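Quick note: residue numbers are just sequence positions, from 1. What you are looking at is a predicted structure, and each value in this text was computed from that prediction instead of being measured. Counting starts at 1 for both ligands and their atoms, in listed order.
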Amino acid sequence: MSFGAGPTFVGPGFGAAPCHRHMPLSKQRSLAEDVGLADPEVKGAVIAVDGPAASGKGTVARALASHFNLPHMDTGLLYRAVALNLWRWGGDAGNQFEALRACDDLGFDQADPELRSEPVSKIASMISAYPAVRAALLQRQQDFAGQAGGAVLDGRDIGTVIAPHADVKLFVTASAQVRAERRLKELQERGMSAHYEDVLADIRSRDERDAGREVAPLKQAADALLLDTSTLTLEQAIAEALRLVDKRLARAAP
Ligand code: DC
């Protein structure tokens, strides 16, 4: 199995089914056994997963949500939805006020393939640098993180801004080269032609924009656990994430 975009799930309050339905129980059990976990029920835990594009953070977050039976929010989708709104009505991504207008009535179909298209990815990266756009999306994410039963959120600023008091924070990363290879494979699997050098350049410029912006830049929270997936398979990355989270939760238990 390789890293990939895969289906994205979001939990209650975000208009989607609980994510635990999407990973077969047999798979959850074998992963749990692999990493020596006994009890996959974690009530009320908030798990923050941050990292750069194509690091595998979405895959890891979905697997954690599935394993611990927690609702999941892919916060990048919110920025992508704003970008798609803006793109559809021909708004200017270089104008913060137009981007802010695109935050109104943010209903969207998370299965819409255009949400993950290249132009929308680029616009999402641009408009996510605007403080007004980030402020407009803040409450929705904090409400999701604050729900009583706990939650898993993935993005760029979950551990630093959205849920600074999360029970566990993971920062998932991989080298730019490995991420570019994964993204290239993903594009090819979708029947799109792309060149490695272009994909790598795109990953690097997105990293620069995400990490270089003034408000809520992409960065590892001081108390986040680092998970470098550069040399890991998907299964290994998930197993390592489960192990790290379990260890941190066990340490925090009374
Ligand atoms: O994770 P993603 O690639 O789907 O995110 C799309 C864009 O949204 C990305 O360029 C960075 C931005 N983003 C952000 O600024 N903060 C988040 N919490 C999530 C995504």
So for D210 against ligand 1, with non-hydrogen atoms under 4.0 Å, the contacting part is side chain
Residue, atom and distance of the protein heavy atom nearest atom 5 (O) of ligand 1 read G76 CA, 3.6 Å
Atom 8 (O) of ligand 1 has as its nearest protein heavy atom Y79 CB, 3.4 Å
query = Is any side-chain N of the basic residue among E186 and R183 closer than 4.0 Å to the acidic one's carboxylate O?
reply = yes
Any heavy atom of R213 under 4.0 Å from ligand 1? The part involved is side chain
Check your understanding: With the threshold set at 4.0 Å, does a side-chain nitrogen-carboxylate oxygen contact exist between R62 and D154?
Key -> no
Surrounding CZ of R209 (heavy atoms of other residues, nucleotides or ligands, distance under 6.0 Å), is the total greater than 12?
yes
| Regarding S128 and R213, is there a side-chain donor-to-acceptor distance under 3.5 Å anywhere? | yes
For atom 9 (C) of ligand 1, the closest protein heavy atom turns out to be R156 NH2, 3.5 Å
(Q) Assess whether a salt bridge exists between D50 and K57, defined as any Lys/Arg side-chain N lying under 4.0 Å from an Asp/Glu carboxylate O. (A) no
Q) Judging by distance only, is a nitrogen or oxygen of S121 under 3.5 angstrom from one on ligand 1? A) no
The reported gap from CG in L77 to CZ in F108 (rounded to nearest 0.5 angstrom) is 5.0 Å
Numbered in order shown, the ligand 1 atoms found under 4.0 Å of a heavy atom of D157 are 16 (N), 17 (C), 18 (N)
- Message: Would K57 count as a contact residue for ligand 1, given that I'm defining contact as a non-hydrogen atom of the residue lying under 4.0 Å from a ligand atom?
- Response: yes
Quiz item: Under 3.5 Å, N or O to N or O, is Q141 touching ligand 1 that way?
Solution: no
- Query: For R156 and S125, does a side-chain donor sit closer than 3.5 Å to a side-chain acceptor?
  - Reply: no
Among A129, S55, S125, closest by heavy atom to atom 10 (O) of ligand 1 is S125
Only residue of R182, E240, Q236 satisfying side chain to side chain donor-acceptor pair (under 3.5 Å) with T229 is R182
Is there a nitrogen or oxygen of D74 sitting under 3.5 Å from a nitrogen or oxygen of ligand 1? no
Self-check item: S121 and R116 side chains, donor-acceptor separation under 3.5 Å
Solution: no
Would the number of heavy atoms belonging to other residues, nucleotides or ligands and lying under 6.0 Å from CG of D105 be above 12?
-> no
Nearest non-hydrogen protein atom to atom 19 (C) of ligand 1, with distance, is T75 OG1, 3.4 Å
If you scan protein heavy atoms around atom 6 (C) of ligand 1, the nearest is R80 NE, 3.7 Å
Open item on the list: Using a plain distance cutoff, I'd like to know if R206 has any nitrogen or oxygen under 3.5 Å from a nitrogen or oxygen of ligand 1.
Closed with: no
Here the atoms of ligand 1 under 4.0 Å from any heavy atom belonging to S128 are 11 (C), 12 (C), 15 (O)
### Message
Any atom of ligand 1 sitting under 4.0 Å from a heavy atom of R134?
### Response
yes
The protein heavy atom nearest to atom 7 (C) of ligand 1 is A124 CB, 3.9 Å
#### Entry: Within 6.0 Å of CZ in F97, more than 12 heavy atoms from elsewhere
no
